[in-house]
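Hydrogens, waters and symmetry mates play no part in the numbers below; they use all other heavy atoms, side chains included. Each chain gets a letter, A, B and so on, in the order the sequences are listed, and its residues count up from 1.
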Amino acid sequence: MLNVYGTELRSRLLLGTSRYPSPAVLTAAVKASRAQVVTVSLRRESSGERAGQGFWSIIRELGVRVLPNTAGCHSVKEAVTTAHMAREVFGTSWIKLEVIGEDDTLQPDVFGLVEAARTLAADGFQVFPYTTEDLVVADRLLDAGCRLLMPWGAPIGSGRGLNNLFGLKALRAHFPDVPLVIDAGIGLPSHATQAMELGFDALLINTAVAQAADPVRMAAAFAQAVEAGYEGRLAGPMEPRDMATPSTPVIGTAFLR
Amino acid sequence: MKILVNGAWRDTDAGDLAAALQELGYGDAVVATALNGEFVAAGSRPRARLNDGDRLEILAPMQGG
């Protein structure tokens, strides 16, 4: 079980709710993923359309936990205000904290991130910071009150997998007891398996599922991929070698030349 | 007076934020509010006075990653 701020989760796959072809596909994909946590956001609501009310009733019917984000925030003040609004609307102190510093890569502004995390932790939030693999930033985030980190695999929505294997391995090794959730950049189920085999605790995936030709099937594939990587890690992988080693015993081989 | 609601100018006679939400048609909708960039909790809306030129943000649940 994965312990997230005192909540035990069976599933190590967290799913985003954005960019699905329809609400029905979203609902089916969440079920197929077996995710217990989905991410949500806040946007301007028109009093006429009330699109947000319909979306919220769909999510509530799924019976999953929600992790609100501060997507689109570029400053500490925006992120902190959005977090307070999300806590009231969604009724949870969990907040996936994003402070974006650069628009082409959606790279986090790690300086603003640490400042916002400290403010929110002091206000009683349980902060899930979207960060890079930088060790010093990770240390500052933990010092600010975060009990979990969400390092990026690759830029949001890029589907490139784990861009900096060396840095991610170093992060895992440096903080063996901190829950680390890979957030962003995953494109294929094999990327998810790789992350779990490296010892990461969970993954948050959105675009790779939502934009697949068959999102429901892909959601199920990611559920299996995360499980396979987790079990493989626990099973203790063999050490790779440069040269071949016969897997079939050579003793007793027939002499037939 | 005129206030900026989610980026669009609206005429209102409402004196406070709670009254403005009713007047603008949000009724019982699940929304969060910010006035001039500051979060206003639901319970504080009746005490949040409105002034000409105020910026009001009304947000609701939406898909997110």
Visitor: Any side-chain heavy-atom pair from Glu45(A) and Leu59(B) closer than 4.5 angstrom?
Guide: no
Visitor: Specify the closest pair of heavy atoms between Pro61(B) and Val89(A), including all atoms of both residues, with the distance to one decimal.
Guide: CG-CG1, 3.6 Å
Visitor: Please determine whether the number of non-hydrogen atoms from other residues, nucleotides or ligands lying under 6.0 Å from atom CZ of Arg45(B) exceeds 12.
Guide: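 Yes.
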Visitor: Looking at CE of Met62(B) and CZ of Phe55(A), how far apart are the two atoms once the value is rounded to the nearest 0.5 Å?
Guide: 8.0 Å
Visitor: Quick check on the interface: out of Val66(A), Asn206(A), Leu15(A), who has the most heavy-atom pairs with chain B under 4.5 Å?
Guide: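 Between Val66(A), Asn206(A), Leu15(A), the count favours Asn206(A).
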Visitor: For Gly65(B), is there any backbone N or O sitting under 3.5 Å from a side-chain donor or acceptor partner on Asn69(A)?
Guide: yes
Visitor: Is any NZ, NE, NH1 or NH2 atom of the basic residue among Glu38(B) and Lys77(A) found under 4.0 Å from an Asp or Glu carboxylate oxygen of the other?
Guide: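 Salt bridge between Glu38(B) and Lys77(A), a charged N being under 4.0 Å from a carboxylate O: yes.
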Visitor: Flag the pair Arg44(A) / Glu57(B) as yes when at least one side-chain heavy-atom distance between them is below 4.5 Å, and no otherwise.
Guide: yes
Visitor: Write down the atom of Asp28(B), the atom of Arg50(A), and the distance for their closest heavy-atom approach.
Guide: OD1-NH1, 3.5 Å
Visitor: With a 4.5 angstrom heavy-atom cut-off, is it the side chain or the backbone of Phe90(A) that approaches chain B, or both, or neither?
Guide: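 Looking at Phe90(A), just its side chain touches chain B.
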Visitor: If you count every heavy atom of other residues, nucleotides or ligands that lies below 6.0 Å from Phe111(A) atom CZ, does the total exceed 12?
Guide: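 For Phe111(A), atom CZ is not crowded (no more than 12 foreign heavy atoms under 6.0 Å).
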Visitor: Looking at Gly37(B), Ala41(B), Ala60(B), which one has more heavy-atom pairs under 4.5 Å with chain A than the rest?
Guide: Ala60(B)
Visitor: For the interface with chain B, which of Ser41(A), Gly52(A), Ala51(A), Gly16(A) has the highest count of heavy-atom pairs at distances below 4.5 Å?
Guide: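 Top option by heavy-atom pairs under 4.5 Å: Ser41(A).
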Visitor: Between Gln53(A) (side chain only) and Val30(B) (backbone N and O only), is there a donor and an acceptor less than 3.5 Å apart?
Guide: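 Yes: the side chain of Gln53(A) pairs with the backbone of Val30(B).
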Visitor: Looking only at non-hydrogen atoms, find the nearest pair between Thr81(A) and Ala34(B) and report the distance.
Guide: CG2-CB, 4.4 Å
Visitor: Among His84(A), Glu88(A), Glu78(A), which has the most heavy-atom pairs under 4.5 Å with chain B?
Guide: Glu88(A)
Visitor: Answer with side chain, backbone, both or neither: which region of Thr207(A) has an atom nearer than 4.5 Å to a non-hydrogen atom of chain B?
Guide: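 Answer is neither: Thr207(A) stays 4.5 Å or more from chain B.
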Visitor: Taking atom CZ as the centre, does Arg217(A) end up with more than 12 heavy-atom neighbours from other residues, nucleotides or ligands that are less than 6.0 angstrom away?
Guide: no
